[in-house]
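Let me begin by presenting the structure, written as structure tokens, before commenting on it.
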Amino acid sequence: MVYARLIAMRLLKAVIVLFLIIVFNFFLIQLAPGDPAAILAGEAGATDEAFLRQLREQFGLDQPLYVQLWHYVSGIATLDFGYSYRQQMPVLDLILERLPATLLLTGTAFVLSLALGIFAGSMAAARVKKISGSVIMALALVFYATPLFWVALMAVLLFSVYLDWLPAYGMFTVGAHYTGMAHILDVAKHLILPASTLALFFMAIYTRMTRASMLEASQQDYVKTARAKGLKDRVIQRRHILRNALLPIITLAGLQAGQMVGGAILTETVFAWPGIGRLMYEALMQRDYNLLLGIFFFSAALVIVFNIFTDLVYRLADPRIKEAS
Amino acid sequence: MKAPLACAVAACGLATLPAMADPQPGGVIDTIIQPEPPGLVLGMIQNAPTRTVAGNIYEGLLRYDTDLNPIPQLAESWEESDDGLTYTFHLRKGVTWHDGEPFTAEDVVFSADVFHRDLNPSARAVLQHVESIEATDDHTVVFTLKQPFGPFLLSFEAGTFTMVPKHIYEGTEFRDNEANNQPVGTGPFKFENWDRGTVIELVKNEDYYEEGLPYLDGVNWHIIPDGASRAVAYENGTVDVLPYGTVENFDVPRLAEMENTCMTQEGHEYFSPFAMLWMNNREGPTADKRFRQAVMYAMDREFARDVLWNGLGNVPLSAFGSNAKFQNEDLEPYDHDPEKARELLDEMGYDGEEVTLLPLPYGETWTRWAEAVKQNLSEVGINVRTEATDVGGWNQRLGEWDYDLAFTYLYQYGDPALGISRTYLSSNIEKGSPWNNVEGYENERVDELFNEAATAYPEAKREALYHEVQEILHEDVPVGWLLELGFPTIYRCNIKNLVTSGVGVNDGFKDAWIEK
């Protein structure tokens, strides 16, 4: 009951926030120099007045701004996200076509970084004064500080060019037309490099945070009590320290999850992964307003959803929060 | 073949192919297209990547050899009347569209008179000279011109005058037609599949009308957004052909040295991209002719070609490139001469006023080139500030004439009336486009000469007019003439006949075959 009311309230707020985001984005985009008709004409390398006029009419750019805004907002209310000027397809189709690829990549990276990060962090926390703990932390620092694109390029050089173990780019082997299990394995093989590259950075953060948080929790009185009770060290680490240390990690995981739609531009570009991030970057360069707004909308919606979800998970991890509210 | 002219020209076109072993059929070529094209219906979209992929799906009436002589394609022969006003094309028989419908003269009339008039600015520029287009029978089309138009026969290339199927487009809203996702042409390859963001697959047209062609079973166009990844794709053997512009220039020497790797800069003759420096003729120091001449003397164009463009390309003498006709070779070249540049600046009393320079936002080479030019200009005392933009910003700045100096490059299309006069005609001054007379040059005599030369007949008359106009332009320097660009195509040497025409970058796979 409490949950239901809470979710309802949050959803109501979410709708308002989304509306504001749409309007804000709409005007923000108008501030960028250049318009899509001129860019399309520019790409063709030849143009005349008639051509530009045709394009602007077709896109509705010849109408006053408030009319365009009204068309856009009322369109979204009926789940019509408009038409991509450059790709010549409905925006919704384009986004839905690319969404699975991105979610596969970012989802894998999310699970990978969270699992490995927490694991490495707990290891490091349990081995504070040992060399193995320092090694883990040193690695985490390196991955945290290294730019993603460089890691990506080096990974390609090592694993694709020199060792030839993994494909360098793409989501599946072009021209092979695998089906069924062969296709799944093929995609999995292509997924390894981009997903690990993307996961490294967040894994480093989770590792550092888990360790710090666990060290802090291990100083608490209830840990001493547990020790005094004679519980095994492993049990204390898992049940008393880790669970209490999870809150900041959940916060961060919520943030990372919110970035799952638009957060992989660089990785998708370097590895030619056919996802939303690339679509968004290209749309920005092309001033493909409708497409860009559509992707913004989806990213914003996802962030809001995960914020709500994170709040719920807090309550599961720490019953005290439920009581407080 | 009816007309002896066509036969002679065709034979001459074929003779330029190197003699070699018999072609072996079979095999699929993996190559790259960069950036991903917005669509594949040529005629509706004319940007470079669409031309390059769809040039294998669609065809024009004519093709051009590397000397830009017309050779038969969908038209097997053609005749020109003695007054230069009537052109009769005899179409090849037995040609079918990819959906099995026959290709007839009606398709030609529809494409030219309806489809292109409505959608295609480059075709419109030619069509304004055309009085009427008629199909006299199923395989004959007659174009009647309002006045002679010298480059008329150069306008029938697939990318400019694409033949589109009447039975699919007639009476529909062209841009919204469902068939746009499944392009239907007459070309050697058929559209098979497009995984957006990953690959465009073309397969052999088994019913192609030219006996034995194409040799390849298909072409896969990989879509890889990152330049370094594209180079890797060639290095690790995933792709075998890197068309123009797919890798950064600084990667070219490394890739060209790889085993079994060949490089050519042919196949661009028709476009012959000409890099220029817009100089704003309206205001600021660039409004002074002496300043613009000084810029020409200050720039070390050979250095730019040798260092930034790997020695590919050609330093132009003046406004007419080497692949355009009627070049006036008697002009005094603007050599790299900083001393002369300083003298000119002193003479005009240049006070060190700052000028803005917009690099072309097309990648690293252009950024570096802008740095090199900035340094050249600083050496003679010109105070330059570079301003980086993205493509949208660049379009807008040029369209609104908000710049002093700016890089660009333009296609020459083999004839001054198609690709060169547009930069200098004062009737072409109009805000909102980065491709017209952006510099704002106005000269009545130049207008007269260009207009007269476009419709003068026969060719000899055009030559005299164009030579005179070049003299004026050479003196006035409305824009800076930087480089006729050479774009390399890098490929495995066992791929033969990859580039066989003056538009070879766009229709190359028709004749290509893989030596096993």
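Letters A, B, ... mirror the listed sequences (proteins, then strands); counts begin at 1. Predicted, not measured: the structure shown is a model, and the values here were computed from it.
Contact of A:V270 with chain B is made through backbone and side chain together, with heavy-atom distances under 4.5 Å. When heavy atoms are compared at a cutoff of 4.5 Å, B:V28 does not approach chain A at all. Neither the backbone nor the side chain of B:L398 comes within contact range of chain A, judged by heavy atoms closer than 4.5 Å. Only the side chain of B:N236 comes within less than 4.5 Å of a heavy atom in chain A; its backbone stays farther off. For B:E430, the part lying under 4.5 angstrom from a heavy atom of chain A is the side chain only. When heavy atoms are compared at a cutoff of 4.5 Å, B:N428 does not approach chain A at all. At a 4.5 Å heavy-atom cutoff, the contact between B:D118 and chain A is made by backbone and side-chain atoms alike.
Between A:Y169 and B:R230, the closest side-chain pair of non-hydrogen atoms is not below 4.5 Å. No side-chain heavy atom of B:V391 sits under 4.5 Å from any side-chain heavy atom of A:M285. Side-chain contact between B:D390 and A:R287: present, with at least one pair of heavy atoms (C-beta onward) separated by less than 4.5 Å. Between B:D226 and A:E268, the closest side-chain pair of non-hydrogen atoms is not below 4.5 Å.
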> How far apart are the C-alpha atoms of B:I223 and A:R278, what are their side-chain angles, what is the distance that settles it, and do they pass the side chain to side chain contact (heavy atoms under 4.5 Å, CB included) test?
Replying inline: CA-CA 12 Å; B:I223 296 153; A:R278 262 169 73 189; 3.6 Å; yes
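Salt bridge absent: B:R196 and A:D93 never bring a charged side-chain N and a carboxylate O closer than 4.0 Å.
The greatest number of non-hydrogen atom pairs below 4.5 Å with chain A, out of B:R397, B:E400, B:R124, is found for B:R124.
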